[in-house]
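The structure appears right after this line, and notes come after that.
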Amino acid sequence: MNADRRRLEEPSSMNEMLAELYTTPEPDAVFVARLEQQLRKQVEVTMKANNQQPTLRQAQANAASSGTVARENPLANRRWSFALSRHRWATAAAVVVLAVALVLAAVGPQRAWAAIQQWLGYVPGVGFVDLQDTKILAAPVAITQAGITVQVEQVLARPHKTTVVFRSEGLPREDHLWPEMMRDDHDYHFALHLPDGRVLTTQTWTLRLGGGTLEFPPLPEGATTVMLTMGRLPLVPPDFGPEAWSIPLTLQPATNDLIAALYPQPYTPVDAAATRNDVTMRVLEVAHTPEETAVRLQLQWSDPAWQMHFLTGGTILPYLEDESGQVYRYSTGSSGGSRVQTVVRSVDEVTPTPFPERPTIEGTIHFWPASPLAEQLTLVVSRLEFQVTADAAFTFDLGPEPQVGDSWPLDLRLDVAGFPVLITAARLIEEVIDQGPGRESIPRLALQFDLEPIPPVGDRVLSGFGLDGSRSGFTGGSGRYAESGHWQMAVTVGRDEPLPTGLVSITIPRASVMQQGPWEITWEVP
Amino acid sequence: MNLSATAVTPDEPTDAGEVLKAQRDPAAFATLYRRYVTPVYRYIFSRVGHRPDAEDLTSQVFTEALASLPRYQEQGTFAAWLFTIAARRIVDHYRQTRPQLPLGAALEQPAAGRTPLAQAIRREELAQLAALIGRLDEEKQELLRLRFAAGLTYAEIGSVTGRSEAAVKMAISRLLRRLQVMAVAAEKERDADERR
């Protein structure tokens, strides 16, 4: 055995072994063919659009040659980029104008405007918002220091809070900034300075590399100029590049004209709901921008013991598909990160809730921008993950003097959240926790259990659970799920803690259950 | 494992030529897609260890590449650009989902042409190697994935990671030596344990 093991040490075999270790399955031929077909459709749609509209490059060249792009003027710049990138949306805009004219002619100007004159808008980076009594930034403001540009893209000063959205350009990649697993202290000192000397500090934030969405308390009435300051850029290490940023911001009252000029108008699809396995999904609002399609969703189910963290828990992400089969993938969206957008309006303002006592959650998800040629969109959600109470437990006798390397064959059958779980073996092992370069590795004792593949129950799959051995002196737990369907779960012993002996009690308090769908909701794009 | 998955034979058009063609006629993107779908998928699979996720992310990478192709400018190589998109998509993925086991597949597949005993020994060797790799920092693990899972050349890895070809070659060579040293140390430890 040792002679064979030695092969690991021979230089000539290391390449071979690494190649074998990193051997991954070939992609499924059906998948490869389907993706190629999907890309072909994407090409067809793009070419159709390009045949109707000048290409982005042509438009940029035309604009540049006519000298109409004023880089120094952010408002002009944004309007141009808006106009250029939205050439494909011109047709849709024309349709909206025509529809407004028809409504005006049919029902009279006052009633029509009363219906149309809404303060609702979709603000990229913020979400679906009511912009009444709001002051906004009419054009992005950019500051450049040492080759790094910070651009404040949105400011919404609403009666209940002030939201600032900004991003940076010119930073190196995140993994180049943090090469040695350095920890961030998140000490950025974001603040809004008012003209009267008062300073507002952040209440909450969502950060990306060099950018983010900040939320401050509301501005005092009458305040239209503020100074945004930050000690350093988000998720950028201290002492890297320029620090102490100050960005002056001037706000304007959000008028209907300004809202219409700056933000896409969201729409509410008719009868856009689907129910499957007692889970109802509704599309409440949709907004299209050249960068994304935003969909505000509501989910309702009957069992109050089930909880859900919106749609981000499943490994198969939702997607949109248009009538030509073009698929638009889920994206983190302009609001960034994996945070679900806060919903501003209550459900009742949009769609009456038939069963208000049912657990209900709402949130906004983002997809790649839909083609302007799309007439119909279908939201497909393949499965949903819920967190449920498991209340399972078992005992296990380690004996009086358990040693690392001991193992025990087992035949423990448990019911975990309605799923049959079979534990076939246990062993006592020593794991080494790698703390990263320059840090001492930590040895840790663990009691590891082998589990047989857990069969689905109906159209539900047990997608995860944890072991809790705290009653018997274990302090942590870990687990992994192999492609083969086998599970390996463990409870761990704390550093410098004694190894438990004798009868130990392990519980499984909660579990994750994947409910198979799909939920498919189709609506007409106005 | 085919380490020349992205190499171009003399009769085959170069990436740069194909990119130019696809920029003029997006339908020509098919050639680039067919050339890279397998290495990209394998690289992603080596990171996420889960077929549906790997398929989903592979779709995202090529859809984004196709959409961004008009803006692509030849600076490094097309492969480097594509794998940079893939790396970014994987980072996005991990922000949204739990990581899965990375190096499980090879350990669970029976190796063809070996006796059961030889297979068991090989599995043990691979498990030891996987454990050693798990102790390397993320940057070094990424080098191994780009080389052995994606099958990129040193120059392409250099473009993806922002290093020179020589620096990548040196880094990987050192890495292999380091793994050998770690393996020897681990083996000595095991021998000592067995004698005890």
Side-chain angles (χ1 to χ4, degrees), chain A residues 1-2 4-11 14-15 17-28 31-32 35-36 38-40 42-43 46-47 55-57 172-176 179-181 312-317 327 329 331-332 337-338 368 432 434 436-437 441 464 480-484, chain B residues 1 3 26-27 29-30 33-34 37-38 41-42 45-46 49-56 58-60 62-63 66-67 70 91-92 95-97 100-101 103-106 108-109 111 121 124-126 128-130 133-135 137-139 144-145 148-149 162 176-177 179-180 183-184 187 191:
Chain A
M1 180 73 112
N2 280 347
D4 290 306
R5 279 179 177 171
R6 302 265 182 230
R7 285 194 295 149
L8 182 61
E9 301 154 22
E10 293 168 8
M14 184 57 78
N15 263 298
M17 288 192 60
L18 283 165
E20 189 173 339
L21 188 64
Y22 280 100
T23 297
T24 52
E26 292 278 333
D28 180 62
F31 159 74
V32 171
L35 178 56
E36 183 168 344
Q38 184 185 311
L39 292 169
R40 282 183 190 284
Q42 186 180 334
V43 167
T46 308
M47 290 176 86
T55 65
L56 185 60
R57 275 189 171 181
R173 278 175 27 189
E174 192 167 356
D175 53 348
H176 289 184
E180 298 296 333
M181 304 290 285
T312 51
T315 50
I316 301 292
L317 294 169
V327 169
R329 296 279 166 192
S331 76
T332 51
S338 55
W368 292 18
V432 178
D434 188 356
S441 296
R480 46 185 253 164
Y481 170 73
E483 189 78 0
S484 65
Chain B
M1 180 70 198
L3 282 184
F29 185 71
Y33 166 74
R34 287 173 198 160
V37 65
T38 298
Y41 174 88
R42 283 180 155 170
F45 189 94
S46 75
H50 186 249
R51 184 181 284 275
D53 286 353
E55 289 184 353
D56 194 40
T58 304
S59 301
Q60 291 182 28
F62 282 98
T63 310
L66 177 58
V91 169
D92 286 348
R95 284 183 183 141
Q96 294 155 15
T97 59
Q100 304 259 342
L101 74 166
L103 282 175
E108 292 170 13
Q109 287 172 355
I121 292 169
E124 191 181 336
E125 289 171 349
L126 292 176
Q128 288 164 19
L129 184 56
I133 290 170
R135 288 160 59 180
D137 65 44
E138 176 52 31
E139 194 183 352
L144 293 176
R145 281 191 290 266
F148 293 98
L176 298 192
R177 278 204 301 274
L179 282 172
Q180 283 152 12
V184 170
E187 179 60 30
D191 284 350

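Here is how names work: the chains are called A, B, and so on, in the same order as the sequence lines, proteins then strands, and each is numbered from 1. It should be emphasised that the depicted structure is a prediction, and the values quoted were computed from it without experimental measurement.
- Between I133(B) and L18(A) there is a side-chain heavy-atom pair separated by less than 4.5 Å.
- Looking at every heavy atom in both residues, E36(A) comes nearest to A30(B) through OE2-CB, 3.9 Å.
- Scanning for ring pair (Phe, Tyr, Trp, His ring centres under 6.0 Å) contacts around F62(B) gives Y33(B), with sequence neighbours left out.
- Between R329(A) and D56(B) there is a side-chain heavy-atom pair separated by less than 4.5 Å.
- Remark: R177(B) pairs with no residue by the salt bridge (Lys or Arg N to Asp or Glu O under 4.0 Å) rule, at least two apart or across chains.
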